[in-house]
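First up is the structure itself, then whatever we jot down about it.
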Amino acid sequence: MSAYTSILNRRTIRKFTQQPIEQEKLVKMINAARLAPSGANLQPLKYVVVTDKNLLEEVFRTTKWAAYIAPHGTPKEGEKPTAYIVVLVDTAVRKDADNDASAAIENILLTAEDDEIGTCWIGSVDRKTLAGIVRIPEGQEIHSVIAMGYKAQESEATEMENGDVKYYMDEHGAIHVPKRKLSDIVRFL
Ligand SMILES: Cc1cc2nc3c(=O)[nH]c(=O)nc-3n(C[C@H](O)[C@H](O)[C@H](O)COP(=O)(O)O)c2cc1C
């Protein structure tokens with residue numbers, strides 16, 4: 001699949017089949033993150049991959065899902081993520097690593113999409129509790145969590161109407177995500 005096709009196809013997925021993700025696909029995602037652009041090439045990011053069944057449930061409890069359609073966007077039993085990648089910043093290398101993290105995370109999301117794995121980038125996390133669960137070493141901070149699994153939900157981009165940014169769920173459980181029109185966001189000079 002071309003990178004552009006993966007970009008077009010990728011939508012946030014919040015319901016997953018319970019088929020485990022193959023280890024080599026998880027390694028591939030971390031390798032994609034490793035090779036992302038990095039300011040001054042400092043590469044301050046580290047990763048924890050969680051697939052252990054007991055830990056999955058503990059991590060799940062620290063995450064918040066789909067505020068615009070709560071509680072309907074939260075995965076139920078049998079729909080929960082089968083893996084998480086916790087993205088960490090090594091603050092001894094760099095304190096503010098938002099740009100690096102975003103580039104690395106997008107590489108992870110697109111690599112997953114390429115393997116037909118659905119992802120949800122989660123910023124709304126109880127970082128203190130999660131740090132204890134995944135045993136974050138001193139000097140490292142949790143940036144974000146990426147929840148993932150094989151897809152059990154449809155989601156598509158739609159054209160935004162009247163500036164309404166809120167995604168919604170239809171009667172079949174599919175998500176529709178308004179995106180701004182090209183003509184509203186670009187000027188070619
Ligand atoms: C920085 C960031 C934080 C996010 N945090 C959450 C979150 O905590 N929970 C959630 O369900 N989705 C979260 N999302 C997913 C967004 O809701 C989603 O990307 C957005 O609605 C656009 O949908 P799309 O990814 O399908 O294009 C986050 C996305 C980003 C980029």
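In what follows, every heavy atom counts, from backbone to side chain, and hydrogens, waters and symmetry copies are set aside. Atoms within a ligand are numbered from 1 in the order they appear, just like the ligands themselves. Numbers here are sequence positions counted from 1.
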Donor-acceptor contact below 3.5 Å, side chain Thr111 vs main chain Asn107: yes
Side-chain donor or acceptor of Glu79 paired with backbone N/O of Glu77 under 3.5 Å: no
Distance under 6.0 Å and angle within 45° of ring axis: Arg14 vs Tyr68: no
N or O pair under 3.5 Å between Ser155 and ligand 1: no
Proximal candidate to atom 31 (C) of ligand 1 [heavy atom criterion; set Tyr167, Tyr68, Trp121, Trp65]: Trp121
In the protein, which heavy atom is nearest to [atom], and how far is it?
atom: atom 16 (C) of ligand 1; answer: Arg14 NH2, 3.9 Å
atom: atom 5 (N) of ligand 1; answer: Gly123 N, 3.0 Å
atom: atom 26 (O) of ligand 1; answer: Thr12 N, 2.7 Å
atom: atom 23 (O) of ligand 1; answer: Val177 CG1, 3.4 Å
atom: atom 9 (N) of ligand 1; answer: Lys64 O, 3.0 Å

Stepwise side-chain contact (heavy atoms from CB on, under 4.5 Å) check, Lys181 with Met160: CA-CA 7 Å; Lys181 293 186 189 115; Met160 188 180 293; 6.0 Å; no
Test item: side-chain donor near acceptor, His143 and Asp98, under 3.5 Å: yes
Trp121 versus Ser144, side-chain donor and acceptor atoms under 3.5 Å: yes
Per-atom contacts of ligand 1 with Arg11, taking only distances under 4.0 Å to non-hydrogen atoms: 24 (P), 26 (O), 27 (O)
Atoms of ligand 1, numbered as shown, that sit under 4.0 Å from any heavy atom of Ser124: 8 (O)
Aromatic ring pairing Phe16/Trp65, orientation class (parallel under 30°, perpendicular over 60°, tilted between): perpendicular
Contact check, Cys120 vs ligand 1, heavy-atom distance below 4.0 Å: yes
Atom 20 (C) of ligand 1 protein-contacted, heavy-atom criterion under 4.0 angstrom: no
Location of contacts on Lys179 toward ligand 1, heavy atoms closer than 4.0 Å: side chain
Note: Glu57-Lys80 ion pair, threshold 4.0 Å (strictly below): yes
